[in-house]
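What follows is a set of notes on a single structure, which appears directly below.
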Amino acid sequence: MNWMFQKREVKPSSSPLLDKEWRPVPWNAKAEYLQFVRGFEPFQPHNDEKNEEQCIRILLHGPTGHGKSSFINSVDTILQGRMTGRALADTIVGNSFTKKYTTYKITKGAHGTFYPFVFNDTMGLEKDKGVLEEDIKLAMMGHVKDGYTFNPHSTLSTDDLYYNRNPSLNDKAHVLVCVVSAARVHLLSQELMTNMRNVRREASDLGIPQMAILTNIDVACPEVDANLRNVYKSKFVKRQMEVLSASLGIPLNCIFPVKNYHSEIAPNDDLEMLILMALKQMIHFGEDFVNDCKCT
Ligand SMILES: Nc1nc2c(ncn2[C@@H]2O[C@H](COP(=O)(O)OP(=O)(O)OP(=O)(O)O)[C@@H](O)[C@H]2O)c(=O)[nH]1
Ligand SMILES: [Mg+2]
């Protein structure tokens, strides 16, 4: 056969990276994003809300040890401009480290003022040892008071001191964020996925917007570990986002891959850019939800 007419074999690309980012990231816009977060105005007090200042409540949930508390610490670190570790994170993955339902406010500038958004950290989901799906739903509806220690064996009962019978808009969650490690999406049991999907469905019924963050992108993909700017080029990270989207029913554009601060002692602009992208979306979602609730 004439060599000129021989078909050239096209080998599948074995590179773990795509040629181009599939989602553009404004890598040099950290200052703009920070300015947005810093300038985000508190809501006007609502007449029938006991005149308490309305803020956005961001509720984090997800499997044990996937980076919920670390995400709160990362946001705190970025906004304080120094390493913080208020939402204690654990280095030994086993039983859930976070056991109490805790609200984290972030100090803004002068002593005594806070950003108009708060995070609620929850105990991790885990078979027999983690938080119960029902308790996450109760927290979402504002029925769980701050400081409640989750019990893996029984749901918070209506006669418990920590049960809030009449939650105000401020007590309810305004954004539900599912936190999953990119390195462990494939290890999640069907049961856990079902728990998370059920929580999400309940949020949908209540009209609460939902998002997911995919942590540990540095652990999941060596190319991302070497350079965080490869995150939207990494085929592996993209696949994990797609799997999570399909399993939980969260659209891909509501899933944000991040790396949390965990061992660093110096600030990292690329890490902060990814976290700020996720945070900005949480604020937008929460603001829309609160405004809609106030209008109805
Ligand atoms: N390399 C890396 N480590 C992370 C990341 N996020 C969290 N970690 C580490 O993962 C471990 C568990 O993180 P936590 O923030 O305690 O996880 P959690 O979801 O709050 O866990 P529970 O409270 O037990 O449910 C800690 O050692 C963190 O430092 C990340 O993005 N990259
Ligand atoms: Mg925790």
Side-chain angles (χ1 to χ4, degrees), residues 58-78 83-104 118-133 135-136 139 144 146-152 176-185 187-189 192 195-196 199 211-232 234 236-237 240-241 244 255-279:
I58 301 164
L59 178 69
L60 305 184
H61 79 116
T64 296
H66 282 227
K68 297 177 289 299
S69 305
S70 301
F71 181 76
I72 299 173
N73 283 335
S74 299
V75 171
D76 199 15
T77 295
I78 295 171
M83 293 297 153
T84 63
R86 289 162 64 215
L88 287 180
D90 193 16
T91 46
I92 303 161
V93 176
N95 289 8
S96 181
F97 190 67
T98 303
K99 300 210 175 353
K100 272 192 179 162
Y101 186 62
T102 311
T103 300
Y104 289 95
V118 297
F119 289 95
N120 270 97
D121 199 5
T122 56
M123 184 183 201
L125 281 160
E126 193 181 1
K127 192 175 166 53
D128 302 328
K129 292 185 282 187
V131 64
L132 296 175
E133 178 191 311
D135 279 348
I136 298 285
V144 183
D146 213 35
Y148 173 65
T149 302
F150 289 107
N151 182 345
L176 176 74
V177 181
C178 182
V179 181
V180 177
S181 161
R184 280 182 279 158
V185 176
L187 299 176
L188 294 176
S189 67
L192 227 85
N195 288 146
M196 293 194 283
V199 172
M211 293 174 52
I213 54 172
L214 201 67
T215 59
N216 286 276
I217 49 174
D218 53 318
V219 180
C221 176
E223 287 73 20
V224 175
D225 188 29
N227 181 1
L228 275 181
R229 294 195 181 200
N230 282 331
V231 59
Y232 286 109
S234 164
F236 183 79
V237 171
Q240 302 317 300
M241 290 171 70
L244 196 66
I255 302 182
F256 289 80
V258 300
K259 174 187 172 180
N260 285 319
Y261 274 124
H262 68 108
S263 61
E264 299 74 5
I265 48 165
N268 176 327
D269 282 344
D270 291 343
L271 177 155
E272 297 195 357
M273 188 59 223
L274 292 174
I275 301 247
L276 285 167
M277 275 175 83
L279 179 63

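Keep in mind it's a predicted model, so treat the numbers as computed, not measured. Order of listing sets the numbers, starting from 1, for every ligand and every atom in it.
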Would you mind reporting whether [Y] and [X] have side-chain heavy atoms less than 4.5 Å apart?
X: H61; Y: C178; result: yes
X: L274; Y: I217; result: yes
X: V219; Y: S181; result: no
X: V224; Y: F236; result: no
X: K129; Y: T64; result: no

query = How long is the span from the CG atom in D270 to the CG atom in N227, to the nearest 0.5 Å?
reply = 6.5 Å

ask   = CG/L228 to CG/N268 distance, rounded to the nearest 0.5 angstrom?
value = 5.5 Å

Under 3.5 Å, N or O to N or O, is [X] touching ligand 1 that way?
X: S70; value: yes
X: N260; value: yes
X: F97; value: yes
X: V258; value: no
X: G65; value: yes
X: T215; value: no

Counting only heavy atoms closer than 4.0 Å, does ligand 1 sit against the backbone of [X], its side chain, both, or neither?
X: V219; value: side chain
X: T98; value: both
X: H66; value: backbone

Atoms of ligand 1 less than 4.0 Å from [X] heavy atoms?
X: K259; result: 31 (O)
X: T64; result: 24 (O), 25 (O)
X: G124; result: 25 (O)
X: D218; result: 1 (N), 2 (C), 30 (C), 31 (O), 32 (N)

ask   = How about N260 and T215: does a side-chain donor come under 3.5 Å of a side-chain acceptor?
value = no

ask   = Rounded to 10 degrees, what angle sits at the Mg ion (ligand 2) between T98 OG1 and S69 OG?
value = 90°

message = As a quick check of understanding, evaluate side chain to side chain donor-acceptor pair (under 3.5 Å) for T103 and D146, giving each step before the final call.
response = CA-CA 6 Å; T103 300; D146 213 35; 2.9 Å; yes

